[in-house]
Structures are given as structure tokens and as C-alpha cells.
Amino acid sequence: MTTQESTTFIIIGVTREGRKFRPSDWAERLCGVMSAFGAERKMKYSPYVGPGDFNGDKAVFVDGRLGEIEPMAYRFMLNFAQDNDLQIIDGVCSLDDRK
């Protein structure tokens, strides 16, 4: 378990140097990794990871509960942001805050 690490966070599609991250559908692609087919045979995003908008930029909202349920997936999301030098905002949002 990753209880102390499991903070809700947003990955913003802007690098620390201020450049927009590409491709433009990166957030949907990243969230697609966490998707599954639902009972109605349609692909659904995870209830813990979802694309959205943050101050006009593409973003991925990650619910901290993912760290409790699937620590490897949680770390994958963090590592993606870090590997691509993307901005992360910790502990200030929920998936309900997405636009």
C-alpha cells in the first residue's frame, strides 16, 4: 500500500519550461491506458483517472484512492508526468473538478 504517497493530483499538459505537451490528445490517450469495457460493452475511463481541463490546458485528474487500490498504476501516472517534465499539482482537486 502507498497510503502516505496517495495524494490526489493533476497532471497539466505544460512542461516546467512552459511548453504545451503534444500530441493534443495526450490526456485522453493516457486515461485510455486506465480504461476498461463496462457492462454495456462500451469503453469507460477509470473512476480514479480522467481527462479534463485546468486553466485552459489539457490535464489528467488522478484520484489518490488509486494509490490504495492499484499502487503500480498510481506510480505509472506519476512517472509519466515526471518523465515528460509535466507540471503536477498535488492534493487540490478531485475528478469532480474536471471541466
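FYI, side chains are in, hydrogens and waters are out, and symmetry mates aren't considered; it's all heavy atoms of this structure. These figures come from a predicted structure and were not determined experimentally.
Counting non-hydrogen atoms of neighbouring residues, nucleotides and ligands closer than 6.0 angstrom, the CE atom of Met43 exceeds 12 such neighbours.
Heavy-atom minimum distance, Ser35 versus Tyr45: OG-CD2, 3.5 Å. Looking at every heavy atom in both residues, Ile11 comes nearest to Met77 through CD1-O, 3.5 Å. Scanning all heavy atoms of the two residues, the minimum distance from Val49 to Cys31 falls at CG1-SG, 3.7 Å. Closest non-hydrogen pair, Phe54 versus Ala59, comes out as CB-CB, 3.9 Å. Across all non-hydrogen atoms, the minimal contact from Tyr48 to Leu66 is CB-CB, 3.9 Å.
Between Pro47 and Asp63, the closest side-chain pair of non-hydrogen atoms is not below 4.5 Å. The shortest distance between side-chain heavy atoms of Leu78 and Ile88 falls below 4.5 Å. You'll find the side chain of Val60 stays beyond 4.5 Å of the side chain of Phe80, heavy atoms only.
Electrostatic pairing of Glu40 and Lys42 does not count as a salt bridge here, judged by no charged N lying under 4.0 Å from a carboxylate O.
For residues 22-32, every residue pair satisfying the side-chain hydrogen bond (donor to acceptor under 3.5 Å, both in side chains) rule, not counting sequence neighbours, is listed here: Asp25-Arg29, Glu28-Lys58.
A side-chain donor-acceptor contact under 3.5 Å links Tyr74 to the backbone of Thr7.
When the side-chain hydrogen bond (donor to acceptor under 3.5 Å, both in side chains) test is applied to Asn84, no partner is found at least two apart in sequence or on another chain.
In this structure, CZ in Arg16 is found 7.0 Å from CD in Gln82, a value given to the nearest 0.5 Å. One distance of note links NZ of Lys20 with CD1 of Ile12; it measures 10.5 Å at 0.5 Å rounding. Atom CD of Gln87 and atom CD1 of Ile10 lie 11.0 Å apart (nearest 0.5 Å).
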